[in-house]
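Below is one structure; the comments refer to it alone.
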Amino acid sequence: MRGEATAARTARELRTLLDPMRSRGERIGFVPTMGALHEGHMSLVRGSMEECDRTVASIFVNPAQFGPGEDFDRYPRDEETDLEKLRGAGVDLVFLPSEEEIYGCGFRTFIEVEGISERLCGAVRKGHFRGVATVVWKLLALTNPERVYFGAKDAQQLVVIRRMVQDLGGPWTVRSLPTAREPDGLALSSRNRYLGAAERAAAPALHRALAEAKWRIEGGERETAAVVAAATETLAAEPLVRVEYVEAVRLADLEPPDRLEGDLLLAGAIRIGKTRLIDNLCLRVGESVEEILP
Ligand code: PAF
């Protein structure tokens, strides 16, 4: 079933369009986005369309997940192009709320997922995951889908959202799908468009560093510090890169393990010029080493 990407700008319009689908018993899949859609987002849309009867996408650049001095004002916004892509893919509904629609009427309620929100990106982007958790809960409450889709590139976001949905008893199934990459390994991101030519050439160093860490683990290395040092060294060879963090942590609680065993997240964040990029690899380390989804 292919939809026409009908736009809903208010919660009331969204409900009016979703109610008949629900009363026909159709399974609804939801892809929340901040727009500037790329192939990574479109792979989530395709995943939803394969698994559900109807697909709803949202486009909302969420001010609550940007800190002071971050790129909220210059975050790319191109509603027409995004709508064209969603129409072309056959999405049924697109929710395009205003800030007032999400945070109006004296909004005061925020969701704090403790501990895991302060690790990795959360250590640098204070309050970021509070903003993410709050908006995702609100969007889920408004769309009430069977399934919601997120990209593995934002692995920490996935860990935080799964924890929130489990702790607060949300009835939604959280699905993750693989990171979409350029041929040279760079993870697709709406922020890649900020990169100049030399910066773009340097950017795949992050994926190379994480691949190096994985290669060490496949070779039998189980010391966290040795694996992190190998990845950091790969990044140090790229003069345009400033490392924010590189870590090997347990997927469950994002804390560094004594030994590299079980389900792990190799994660990194770098800055190239004014652009901040993140990436990760998620591994199940036992007798063999297998890539898994967060
Ligand atoms: O991953 C994103 O694009 C955003 O963090 C999300 C999930 C749409 C919440 O604003």
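Counting starts at 1 for both ligands and their atoms, following the listed order.
Within ligand 1, the atoms closer than 4.0 Å to a non-hydrogen atom of V135 are 9 (C), 10 (O), numbered from 1 in the order shown. Proximity to T33 (heavy-atom distance under 4.0 Å) selects the following atoms of ligand 1: 8 (C). Listed by number with element, the atoms of ligand 1 under 4.0 angstrom from any heavy atom of P32 are 8 (C).
Salt bridge absent: E261 and R222 never bring a charged side-chain N and a carboxylate O closer than 4.0 Å. Taking 4.0 Å as the cut-off between side-chain N and carboxylate O, K85 and D78 do not count as a salt-bridged pair. Salt-bridge formation is detected for the pair E39/R46: a Lys NZ or Arg NE/NH1/NH2 atom is positioned less than 4.0 Å from an Asp or Glu carboxylate oxygen. Salt bridge R175/E50: absent, no basic N to carboxylate O contact under 4.0 Å.
The N/O atoms of Q157, backbone and side chain alike, include one that comes under 3.5 Å of an N/O atom in ligand 1.
Comparing H128, K138, Q65 against atom 10 (O) of ligand 1, the shortest heavy-atom distance belongs to Q65.
For the residue pair N62 / Y103, a side-chain donor-acceptor distance below 3.5 Å is found, with atom types taken as modelled.
At a heavy-atom distance under 4.0 Å, no atom of L139 approaches ligand 1.
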